[in-house]
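Down below is the structure, laid out as structure tokens.
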Amino acid sequence: MTRAGWIRVATVLGAIAALELVTRAGLVSRHTIIPPTAMAAALWRLVASGAILPDIAKTLSNVAAAFVLSVAGGFVLGLLIHAAPRLRRALDPLLATYYAVPFFVFYPLLIVIFGMSDLPIIAIGFLFGVVAMVIATLNGLDRVPRVALKVARLARMDPLSIALIVKFPAAAPYLFTGIKLAVAYSFIGVIASEFILSGAGLGFAISYAYNNFDTPRMYALMLFILVSVTAVNMVLHGIEQRMLRRRGLAP
Amino acid sequence: MAGPGTRAGAAHAVLRGVTRIFPPPDRGQAPVHALGPLDLDLARGEFFAVVGPSGCGKSTLLEILAGLSAPTEGSVMFEGNAVRGSPPDGVGVVFQEDASFPWLSVWDNVAFGLRRAGMDRAEIARRVDHALGFMGLAGFARAYPAQLSGGMRQRVCIARTLVLEPRLILLDEPFGALDQQTRLLMGDELLRLWRDTGATILLITHALDEAAMLSDRIGVMSARPGRFIDMVATGWPRERDSTIVSDAAFGEVTARLWSCLRAESLKALGTVR
């Protein structure tokens, strides 16, 4: 591991140890926050009992659906918008200000449209992630070398093959920015929606535990979400680094 | 009408009255007359070079011949068929920029065109391995372009064109980004490739010595709009290499090219100012 890596691990472990000490010493009330080891123990019991597994499965599958839809939809929309420069000029300011919209205000509307099901939740996650992917796609397509497209035309490829076999990999380093944001936004969109109005899922389980003063359970679930998001991001980071190294863009 | 570029005999590629006019870059400006009218006959198996001042439409000429863009007026024939804005079979292009795909290994880069053409795997493997060996890249099949020098990446691009067994190879200043020594050696490889494949070659270059050393015939282009103002036949034997630069006739050819081009290059500079 690099020096920076060691410092990073030391920082995280130090913060956890400090929290452990502060809570164990009774400086912070156990009703407010519990020691990290107690969180881990509570999570272990929760998972071992199997009671939480349906909620985990529900949330992770909704996140996965929102993520796949935003990445695929964002790439296709990005391709279409990139192919129509006039449309793009018209849409640019809208894309730039998109994240000023608080999507959650549309949640009641989405329930009216889709009913009380997983669909409004996935829709919120998708709405959150898709535009980050559109912007990253436009950015990446702008940087596809013109000569790569000439090579594709000389190979007499059709537009769909050019998009998938040449443009997609050529733009991949930029697309990764959108993919990483889509993961984060899918998690935020799905879990926050479950918080507001849902009868299942990790977001609901956390808010249920909170309302019932079940502090260990609440922290256990928060820890689980933190660990899963970190794990997904580490995998993505690994793939990205491998790709960048291969292209001589990372050490 | 026979212009200075036409020649009797079996022509491999024929350009007649080829003109390219680009639309105005900005509102209220005049259209840009980039090229022509221009006539050219390329004989089968000929090594032809194009030299001219910068901005004279050399690359436009290559793109029209490759079918990557259509002429505003005039016609292009390759092996008796009209070429108009779509790449014909049997034409390969090597660009000045690094056109290797950084996400593919050297082997996969070279196999790219063959896979797109849907060739069977055994034949792809045979051709790719042969081209890699021919270009001195056999030990780098599994490497990625980022691990190679600029000269080696350009060899990858040449190999990628070579595996398609093109009958006409167009090269757009392929060694422009390389240092002088590497360019001379790449010139030797290009001559070897030309002799071994029997392909017709059109080489665009700004280096007069490169044109004089490699070519059977050199077309000298005027400042924009580019037209041929001279055709210089070198009369070199088919068996030749970079040592020809010490030949007295080499100096004469280069001198003739420069005497033609000096005034045109000044014109090109003038339009820039």
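Open room surrounds CZ on R242(A); 12 or fewer heavy atoms of other groups in view lie less than 6.0 Å from it. The number of heavy-atom neighbours closer than 6.0 Å to NE2 of H130(B), taken from other residues, nucleotides and ligands shown, is 12 or below. In R3(A), the CZ atom is not crowded: 12 or fewer heavy atoms of neighbouring residues, nucleotides or ligands sit closer than 6.0 Å. The environment of OH in Y144(B) is crowded: more than 12 heavy-atom neighbours from other residues, nucleotides or ligands sit within 6.0 Å. The environment of F106(A) atom CZ is sparse: at most 12 non-hydrogen atoms of other residues, nucleotides or ligands sit within 6.0 angstrom. Residue R8(A) places its CZ atom among 12 or fewer non-hydrogen atoms of other residues, nucleotides or ligands, all under 6.0 Å distant. Within 6.0 Å of CZ on R146(A) lie no more than 12 heavy atoms contributed by other residues, nucleotides or ligands.
Contact of R156(A) with chain B is made through the side chain alone, with heavy-atom distances under 4.5 Å. Both the backbone and the side chain of I165(A) come within less than 4.5 Å of a heavy atom in chain B.
Here the closest non-hydrogen pair linking G248(A) and A146(B) is N-CB, 3.5 Å.
Note: P169(A) leads S161(A), A155(A), P169(A) in heavy-atom pairs under 4.5 Å with chain B.
Among residues 56-81 of chain B, the residues having any heavy atom closer than 4.5 Å to a heavy atom of chain A are, in sequence order, E63(B), A66(B), G67(B), L68(B). Residues of residues 98-111 of chain B lying within less than 4.5 angstrom of chain A, judged on heavy atoms, are D98(B), A99(B), F101(B), P102(B), W103(B) in numerical order.
With a 4.5 Å cut-off on side-chain heavy atoms, F95(B) and K150(A) count as touching.
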